[in-house]
2 protein chains.
Amino acid sequence: MSPHTSPEHGKEGGAVCPMDYILRMLMGPWTTYIVYNLRTFGPQRFGELKRRVGGISAKMLTERLRTLEGAGLVRRDYEPTIPPKVTYSLTHRAHELDEVLDKLAQVARRWQAEDAAARTLKAAE
Amino acid sequence: MSPHTSPEHGKEGGAVCPMDYILRMLMGPWTTYIVYNLRTFGPQRFGELKRRVGGISAKMLTERLRTLEGAGLVRRDYEPTIPPKVTYSLTHRAHELDEVLDKLAQVARRWQAEDAAARTLKAAE
DNA sequence: CCGGTTGGTTACGATTTGGTACCTACTGGA
DNA sequence: TCCAGTAGGTACCAAATCGTAACCAACCGG
């Protein structure tokens with residue numbers, strides 16, 4: 001079995017993790033930064049997003065956005081002007097994750113603070 | 001910049017996503033299954049876990065468990081009996097994610113149901 | 001003394017991944 | 001006239017990833 005395909009072990013004893021799909025989505029490289037930027041700064045154009053994420057290649061950004069679009073988390077608005085103008089925004093479905101993501105970020109910040117404190121303590125020894 | 005290292009762009013304009021650290025942890029291959037099994041069936045021995053996750057190689061399981069241990073999410077209890085007995089369990093810190101994971105699973109199940117309904121609708125057309 | 005058990009480790013190798021460089025087509029500015 | 005910017009697409013290539021298979025240590029039962 002390939003590693004990233006969902007096991008789909010129908011009758012195998014193992015239990016299937018229901019949130020696997022969502023985590024698989026959020027987990028792709030750069031994805032958290034993209035979603036975080038869209039959540040923080042609102043709808044943005046391709047170049048703007050690329051500049052803001054900082055370090056991502058156009059190829060990667062395109063691929064990630066396409067995947068997110070396919071998952072129904074991102075909407076792509078294409079205006080065929082010259083030069084073209086493409087705006088990306090989070091869908092209603094993506095915003096269903098707001099509460100979860102906020103809680104997650106809260107925990108993350110607490111852990112970061114704790115770890116920083118622990119490191120300071122150890123450094124002082 | 002390597003893709004999976006956190007950007008750490010100190011002064012670059014991009015905002016750092018605080019939950020990146022946690023997602024980076026939960027996102028590794030197989031990790032969700034491992035955590036899900038530990039959450040569902042409680043502390044388990046290595047072989048038990050391996051059997052239950054189904055399809056994972058010993059190498060991968062070891063590596064994932066070591067990483068989770070390093071992140072403080074999993075505790076490893078080693079009893080040097082012959083044959084050795086190693087039990088893995090979730091730490092207190094891991095259980096701080098319970099609420100978030102439950103909410104996430106809730107959303108995941110809703111989406112799954114919605115998508116299934118949509119597919120049924122489309123198939124009936 | 002041979003095989004079985006547990007919980008790994010190590011080497012190798014194929015596949016996947018993701019970055020770089022280069023291409024489009026069009027326009028506006030110097 | 002030449003260059004820059006916009007939103008990508010494509011080819012190529014190096015590097016990381018992950019599975020497979022082999023091995024190991026220690027002891028116990030037969």
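Comparing C/dG18, C/dG8, D/dG19 by their nearest atom to the side chain of A/Pro29 picks out C/dG18. When each of D/dC18, C/dG19, D/dG8 is scored by its nearest atom to the side-chain atoms of A/Ser57, the top-ranked nucleotide is C/dG19. Between D/dG8, C/dG19, C/dG8, one nucleotide has an atom nearer to the side chain of B/Val86 than all others, and that is C/dG8.
Within a 6.0 Å radius of CD in A/Glu48, other residues, nucleotides and ligands contribute more than 12 heavy atoms.
Proximity of residues 60-79 of chain A to DNA chain C (heavy atom under 4.0 angstrom from any strand atom) is restricted to A/Met60.
In this model, no side-chain donor or acceptor of A/Lys59 finds a partner on the base of D/dG9 within 3.5 Å.
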For every nucleotide of nucleotides 25-30 of chain D, 5' to 3': is a protein heavy atom under 4.0 Å from its base (B), only from its sugar-phosphate (S), or from neither (-)? --S---

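Scanning for side-chain contact (heavy atoms from CB on, under 4.5 Å) contacts around B/Pro43 gives B/Thr87, B/Ser89, with sequence neighbours left out. In this structure, the side-chain contact (heavy atoms from CB on, under 4.5 Å) partners of B/Asp98, at least two apart in sequence or on a different chain, are B/Arg39, B/His95. Partners of B/Arg93 by side-chain contact (heavy atoms from CB on, under 4.5 Å), not counting sequence neighbours, listed by chain and number: A/Trp111, A/Glu114, A/Asp115, B/Leu73, B/Thr91, B/Glu96.
Axis angle, first five pairs versus last five pairs of the helix from C/dC1-D/dG30 to C/dA30-D/dT1: 30°, rounded to 10°.
Atom CZ of A/Arg64 and atom CH2 of A/Trp30 lie 12.0 Å apart (nearest 0.5 Å).
Residue A/Ile82 is not grouped with residue A/Tyr78 when hydrophobic side chains (ILVMFWY) are merged at heavy-atom distances under 4.5 angstrom, including chains of intermediate members.
Here B/Lys85 lies in heavy-atom contact (under 4.0 Å) with sugar-phosphate atoms only.
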